[in-house]
Protein chains: 2
Amino acid sequence: MGDELRVSQADIFKALAHPVRLQILQMLQQGERCVCELVAEIETEQPNISRHLAILKKDGILGCRKDGLKVMYWVRDRRAFKLLELSREMLKSYWQEKSGVF
Amino acid sequence: MGDELRVSQADIFKALAHPVRLQILQMLQQGERCVCELVAEIETEQPNISRHLAILKKDGILGCRKDGLKVMYWVRDRRAFKLLELSREMLKSYWQEKSGVF
DNA sequence: TTACTATATTCATATATAGACATATAATTA
DNA sequence: TAATTATATGTCTATATATGAATATAGTAA
């Protein structure tokens, strides 16, 4: 199957370290989506979306399956969403510090 | 002060996306450390450590202060450790899947 | 079979990142 | 002041990453 999954901790963060990939994950919070739905909402070319999906898959974040002409992608481990949530909260604290609350 | 902090969500993950930086954070789990302590334990040159520290600081993960000749660094938001912990747990699940538990 | 739709891949190129090595700076001590 | 220690920075180079544009592939429908 060639479906090797030799991933490091740094690879997980690397996979998340791009705005388009974060947007993809956000869209997958409510369940699986086909590539065309992602392409419709995300402001970049289809080949780019495919490439970013491939990265997220290679690093074990996404799974996918064919459904006719479409390919459906989903997030394999909900803890990935927890990572997004935590980092969002961290950013919020950054703002508060800037305005002197901290 | 030039201490601007214009950081995106992707920047946070980018900051964590390197094994040396992960090792630094791990060493800072028990509190602040000076650069020389990090250099003593991490298998890379001092200038590299300094640069990785600069990246972590720029992206808001670390704070630092001078203490005589030394510079002490610490993790500003304990949620950063939670990110490490979650990603470690995700990796563990990856293994289990490989060995067919999943 | 041909045409069409959804997705992936190749190629070329631009930009970012990492590390080696040398050097600079700042605080301390002699 | 000069020497020493701890840390940061500059330069160069290698490698990785991201993207546009074109093209390939797979499944479906006619």
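Chain identifiers are assigned alphabetically (A, B, ...) following the order of the sequence lines, protein sequences preceding nucleic acid strands; residue numbering begins at 1 within each chain.
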Both conditions, 6.0 Å and 45 degrees, for the charged tip of A:Arg6 above the ring of B:Tyr94: are they met here?
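Here A:Arg6 fails the 6.0 Å and 45° test against B:Tyr94.
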Integer-rounded Å distance: [N] [atom2] and [X] [atom1]:
X	N	atom1	atom2	answer
B:Arg33	D:dA6	CZ	P	17 Å
B:Glu45	C:dT23	CD	C1'	15 Å
A:Leu62	C:dA8	CG	P	11 Å
B:Leu38	D:dT7	CG	P	9 Å
A:Leu56	C:dA8	CG	P	12 Å
A:Arg65	C:dT7	CZ	P	12 Å
B:Gln46	C:dA18	CD	C1'	16 Å
A:Ile42	C:dT7	CD1	P	13 Å

Just to be sure I understand the rule, does A:Ile55 reach a base, reach only the sugar-phosphate, or reach nothing, if contact means heavy atoms closer than 4.0 Å?
sugar-phosphate
OP1, OP2 of [N] versus side-chain N and O of [X]: anything below 4.0 Å?
X	N	result
A:Tyr73	C:dA6	no
B:Asn48	C:dA18	no
B:His52	C:dT17	no
A:His18	C:dA16	no
A:Lys14	D:dA16	no

Please figure out whether A:Ala17 or A:Leu69 has its closest DNA chain D nucleotide nearer the 5' end.
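That would be A:Ala17.
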Assign each of A:Asp67 and A:Arg21 to its nearest nucleotide of DNA chain D by heavy atoms, then name whichever residue's nucleotide is nearer the 5' end.
A:Arg21
Checking contacts here: which listed nucleotide ([options]) is nearest the side-chain heavy atoms of [X]?
X	options	answer
A:Val35	D:dA8, C:dA8, C:dA26	C:dA8
A:Pro47	D:dA8, C:dT9, C:dA6	C:dT9
B:Leu53	D:dT7, D:dA8, C:dT7	D:dA8

A quick test of your reading: do over 12 heavy atoms of other residues, nucleotides or ligands sit less than 6.0 Å from CD of B:Gln29?
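More than 12 heavy atoms, drawn from other residues, nucleotides or ligands, come within 6.0 Å of this atom.
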If you count the non-hydrogen atoms of other residues, nucleotides and ligands that lie under 6.0 Å from CD in B:Glu41, is the total more than 12?
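It does not: B:Glu41 CD has 12 such atoms or fewer within range.
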For the student: nearest non-hydrogen atoms of A:Ser8 and B:Leu91, plus distance:
C-CD1, 3.9 Å
So does B:Glu32 pair up with B:Arg65, basic N to acidic O under 4.0 Å?
yes
Could you check whether the side chain of A:Arg51 and the base of C:dT10 have a donor-acceptor pair of N or O atoms closer than 3.5 Å, going by distance alone?
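Side chain to base: pair found, below 3.5 Å.
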